[in-house]
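For reference, the structure discussed in these notes is given below.
In this text the structure is predicted, and so the values were computed from the model without any measurement. Chain A is the first sequence line, chain B the second, and so forth, proteins listed ahead of strands; every chain is numbered from 1. Just so you know, these numbers use all the heavy atoms, side chains as well, and skip hydrogens, waters and symmetry mates.
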Amino acid sequence: MSAWSEVRRLARLRHAELAPATDELVPAAVLLAAAEEKTGVKRIPRPPNDVLLDGAEAAYDRDCRHIYYSNATEPSLANFHIAHEYGHHWLDATDTACDHAELSVSTPAEPGMSSVGEADAYSPKERAEAQANLFAREFLLPREKLRRRCSRGDIDARALATDLGVPVDLVMQQMADALLLPDERDIEEERRPEEPPDDSQGEAIRAPAEARMVRAGPGTGKTRTLVGRVAHLVAEGEDPSSIVALTYSNAAAQDLAARIRAAIGERATALWSGTFHAYGLEMLRKYGGAIGLPVELKHIDRTDSLMLLEELLPKLKLDHYLDLHEPLRALASILNAISRAKDELATPEDYERCARQMLDDAADEPSRLAARRALEVARAYAVYEETLRERGWLDFGDLIARSVELLQKHPEVRAAIREEKRHILVDEYQDMNRASGVLLRELVEPGRGPWVVGDVRQAIYRFRGASPTNMSRFPQDFPGAQTTDLSVNYRSGGKIVRTFEAFGIRMGCAPLSSACVLTAHRGDDNGEVHYELATTREAEAYGIATTIQSRVAAGGTFGNHAILGKTHTVLARIASVLESAGVPCLYFGDFFERPEIRDLLALLSVVAEPKGVGLLRVAQLPQYAIPPGDITPMCAWRRAQRVPMLAAVRRSAEIDGVSEAGRQGLARLAADLVDVDWPMTAHSFLMRYLFGTGTHLRRLLDDESVAGQQRRLAVYQLLLVAFSFKAPSDVDPKRAFLDHVRRLEVLDEEKQLRQLPAAAVDIDAVRLMTIHASKGLEFPCVHIPSLTTRHFPSAARPEPCPLPAGMLDTDSLMTRDAEEESVFFVALSRARDILFLSRALTNGGQSTKNPSRFLAHVASHLPRPLDGAAGWTAVGPPEPSWPLLWAPPLGGELSSRSLEMYLTCPRRYYYEHVLELSGSDEATPYLKFQSALHATIAWMRSVASPQEREDGLAARFEDDWTRIGPSDHPFGPVYRSVAEKMLRTAVSVMGGECLPTERQVRLPATGHVVRCRVDHVEATTGGIVIRRLKTSTLAKNEKAEPRYALWQAAVLNDHPGQYCSFEHVSLLDGERRATRVEPSKVEEQLQAFEEAIDGIRSGCFDPKPHTWCPTCAYYFICPSHGVTL
DNA sequence: CGTTTCACCATTTTT
DNA sequence: TGGTGAAACG
């Protein structure tokens, strides 16, 4: 972070020097003239293809002291280009020519924090360009002046841009930074010098240039020692360019780089520090030609990899891993397996060999199935890898694996690299997996290192192949290795040190860890450890809230407290209780369910989705205040006219049945959306909407509370996500963005967005994060909730895509329990002063003995017994309940389908059938596949003779498929072959005389008539059979759904006295299973429909959250978070 | 003492 | 949705 805020600080300084002494913003022309005057660097316009421009838009010639810019550029943009070149003048030491792609007004404020999708491995040139962009922006429009201007008057980016002679996009981007991000502390250098090392640290620092392993427990000054080692080497006269310091994460790399720079100053520039992956990329850029890599390497991130697999799906010939509803979900699992395989340096051939071996060894059907699944993954891996190589792309795993290949196949390259980089240092050595371990051995000249530091007990990344035994194998891997133990903890009070040490010595990996017990530098009596029980999870969260409040009342700050959860689910639950109790916290919860985010997504839905159901939510915004009753006629009109919702909004004057207030609100909305067009991106739309009119933004800005600040940060985060999203070229990019949001949610990638952006560090609020994210950090007060049996440790869920047996050498420390122990150990050791442990007894209040078994190991350090009465019994104020909406009149005939929708989610029924927001669901390829399949099955029923069926089937299916199937979709062929297989199953199942499937039945209690469509009914010699035709495999025990009872009641009603049986059929694999539905049960099940009717009549339409919510058409308008709508 | 039903919980994440 | 473990049922 520091480098970027430093750039901004310099830009502010230059602005202050050059601008007239005023608080007002200054026109670009004035600033640039002053810059020319001051620096003597002339601005020279040239024709676009002039040789001096070198093919670029603008260029800086340091020797001639000239800035050249194209005279064909629009003047305000040219001003930005010139300011950018002055940025190069002040920031760098070289000549530059900057082309179109490099000159961007929208470079994010903290490029490192663009979290999703961006692989921000900057090359030095890219970094210099990004910094010049930031410089230009801050130089032309300093945040503080801009903020003052906006707080005084209207927020109108366009007017401001015209006044100042700068591009409107630049004004908007700068407004986003100035108005949405909190104040940046203007501190020149806040880095303190490193403390002098203690004896054991000194020993490690001054060790000879041989293999050395430093075992460093929590808080023992691990990084300080590593930095000290670097400083020592440099002081001893080693060339900084011969030193490489490797880490695993970007965060650790940034921290390390900053501290090395603080320790050795400018000389740090020559030293290489960064992640293993970045170093791999560096080597492949330089020497990759030797293994056939192209000059320009293209490195792809996880999203790109998934998109590649999606593109390849028709070639993968999936069977076991074909997820018909959401193919991406299965592809994500396969991708996990592929990257795990690459962590083990296993090629597709290795994968296939292991899978074949598995098949040979398989003794029973389940293991044969597992082997066949592994073979399928092996095939997918082979196709994926082949394509990567064809295109010359590298994924994350390749950065390591192909580096290993380079070094092993080309000893001359290896020798050159070893000669140049003589000192290899590695941080967090316990996180080393097989691939990085092999790479390290190739990098190190035998006898000359490496120097590594780590702590086995903190190995929390075993699930991705990091084996703690690596540390114990260090002496074998690097003969002659010496070991140093750091034994003084500087972080925590003694009571806390003794608590985590007590746990540490009983961990499975303890024998591999250092034998010495940590000494608490801060004294044995320092620190507090608390343990509290609560009646329920809500009471636990509320107890934490009140504890924090009383500590703050006694003079602490919210920012001192951190809540470390094992899962995001835990954190989200606690965050919502804290927020409603008035405790500020730094955690977004489910990002796309936040009200301020939903408001903006709903707007996007209005402008980009044809059905535009987002209008219902947009209508509630105070600036429009459109009565909800007006939305139904709007939807009906756009359906009748067959136009998208945006057109309906623009033509609202023509629509009957809209109230006067509604008309006015719609006119205001249409005015705000006036310049929206098809090719506009989501990012551009959001920027224009927020900073072009200001009405929406004003409300966001008027809230000075921490919650208000958090809402602004969430909006900023959304802008970042939209900015980094690249839409495919042939669709509306705004609509593609909404699909992308749904996809992030379905694939669970949304969780990355829950952490607040780096700009939030200075806010005084409780920090909530996962234990994994807390590694390497420390906090004065740490809360660890949810310490119950089932949660901590929790049972491993079976991998959807396990690696084949024999690919990993499993050892006793790669178990789940051992890993969970490390997670707990990391959590305990984050606290400086106070550690709060807590758990909830089961729901309801009768106490159950459910303490985490990890607690037993620290029991003697806790202030109370593990079990006992709950001290926390209070819960906060109840969640607001949903308002009662009006009860609609019920039509005479009800369909089973709509009542089932009510049963799964009453809110969805309300949108669909009460407000009638849309006609039908979006046709996904899966749904199209379904309708084509069922159309052909219906035809089969209508044809009596088996021979006729046999003869006509192919032609009939061909017709149905081209008419209603997903034949134009890229996955069409995949679905088609499945459908053909299913039809064959359907044929084989039909034995008797097909009976009508459209039925109806009168419910016994209310007397309502309900229509239903049975999947299939047949009259056979043994009686009537009802069949449920599933497109998936049968579950172990198929649940009795209410509609099955309805089918049975309807059929029995039509054929009184007949024997009626029920059979589940899987069209996928042909499995058939008969189920008995007792008549008494039928009545009971029908009760569900009666209750649904009651609910509809009395206007109960509460949402019922499900995992599949993101696929619902009303996802963006649904209030799942206590906002009334 | 089997079987059925009910309540509870659904990972962690980096490059 | 769907698997698991504990309570309830017969």
Compare the minimum distances between each of [options] and the side chain of [X], then state the nucleotide with the smallest one.
X: A:K566; options: B:dT12, B:dT14, B:dT11; result: B:dT11
X: A:S794; options: B:dT11, B:dT15, B:dT13; result: B:dT11
X: A:H791; options: B:dA10, B:dT12, B:dT14; result: B:dA10
X: A:K751; options: B:dT15, B:dT14, B:dT12; result: B:dT12

Which whole-number value in Å describes the distance from [X] [atom1] to [N] [atom2]?
X: A:N250; N: B:dT13; atom1: CG; atom2: C1'; answer: 13 Å
X: A:E820; N: B:dT13; atom1: CD; atom2: P; answer: 12 Å
X: A:F792; N: B:dA10; atom1: CZ; atom2: P; answer: 12 Å
X: A:L571; N: B:dT12; atom1: CG; atom2: P; answer: 9 Å

message: Would you say the base of B:dT14 stacks on A:Y461 (centre-to-centre below 5.5 Å, plane angle below 30°)?
response: no
task: Please determine if A:R1028 forms a cation-pi arrangement with A:F1062, meaning its NZ or CZ atom is less than 6.0 Å from the six-membered ring centre and no more than 45° off the ring axis.
output: no
Euclidean distance for P, B:dT11 against C:dT4 (whole angstrom): 15 Å
task: State whether A:T569 places a side-chain N or O below 4.0 Å from either non-bridging phosphate oxygen (OP1 or OP2) of B:dA10.
output: no
statement: Each base of DNA chain B marked ( ) or [ ] if paired in-strand (Watson-Crick or G-U under 3.5 Å), | if paired to another strand and . if unpaired gives ||||||||||.....
